[in-house]
> 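Sharing a structure, written as structure tokens. Questions coming.
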Amino acid sequence: MKVKVARGLWIGSTVVIFIFTAYIVAGNLKSIIRTRRRIAALEHEKAEYQKSITADSTLIERLQYKDYLERFARERFNMQRPDEDVYIIK
């Protein structure tokens, strides 16, 4: 009788420990999955910012030339010379 109670106690405690361990591991897996998704989103955001930086760097280099600067100002800000008329067509 004592052996059956002791054996049942060991089996019961083993099951409780197993369930507790599985619960902890499942929580960690959820955290890992969430973190990996966040990392993927941040990597995507980083790539978009890199594209933006490249485009802006190219624009800065082009704006150093007066011809391109004048064209950019005319197109972007609808600027004009004092003696000319500009018609904006959308």
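These numbers come from a predicted model, not from an experiment.
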> When rounded to the nearest 0.5 angstrom, what distance separates CD1 in Ile39 from CD in Glu43?
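Ile39 CD1 to Glu43 CD: 8.0 Å, rounded to 0.5 Å.
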
> Quick check: is Leu69 connected to Phe77 through a chain of hydrophobic side chains (ILVMFWY, heavy atoms under 4.5 Å apart)?
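Shared cluster, yes.
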
> Is there a donor-acceptor pair closer than 3.5 Å between any side-chain N or O of Thr54 and the backbone N or O of Gln50?
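A pair under 3.5 Å: yes.
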
> Without swapping roles, check the side chain of Ser31 against the backbone of Gly27 for a donor-acceptor pair under 3.5 Å.
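No; zero donor-acceptor contacts below 3.5 Å.
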
> Kindly compute the distance separating CH2 (Trp10) from CD1 (Ile17), expressed to the nearest 0.5 Å.
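Going from CH2 on Trp10 over to CD1 on Ile17, the span is 8.5 Å.
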
> How far does CZ of Phe18 sit from CD1 of Ile11, to the nearest 0.5 angstrom?
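One finds 14.5 Å between CZ of Phe18 and CD1 of Ile11.
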
> Please round to the nearest 0.5 Å and tell me the distance separating atom OG1 of Thr58 and atom CD1 of Ile53.
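These two atoms lie 11.5 Å from each other.
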
> Check this for me: Tyr65, atom OH, are more than 12 non-hydrogen atoms of other residues, nucleotides or ligands nearer than 6.0 Å?
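Not buried by this count: 12 neighbours or fewer within 6.0 Å.
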
> Sequence neighbours left out, what pairs pass salt bridge (Lys or Arg N to Asp or Glu O under 4.0 Å) with at least one residue falling in residues 62-73?
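Passing the test, one end in residues 62-73: Glu70-Arg74, Glu70-Arg81, Arg71-Glu75.
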
> Exactly one of Glu45, His44, Lys46 should register a side-chain contact (heavy atoms from CB on, under 4.5 Å) with Glu48. Which one does?
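Single side-chain contact (heavy atoms from CB on, under 4.5 Å) partner of Glu48 among Glu45, His44, Lys46: His44.
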
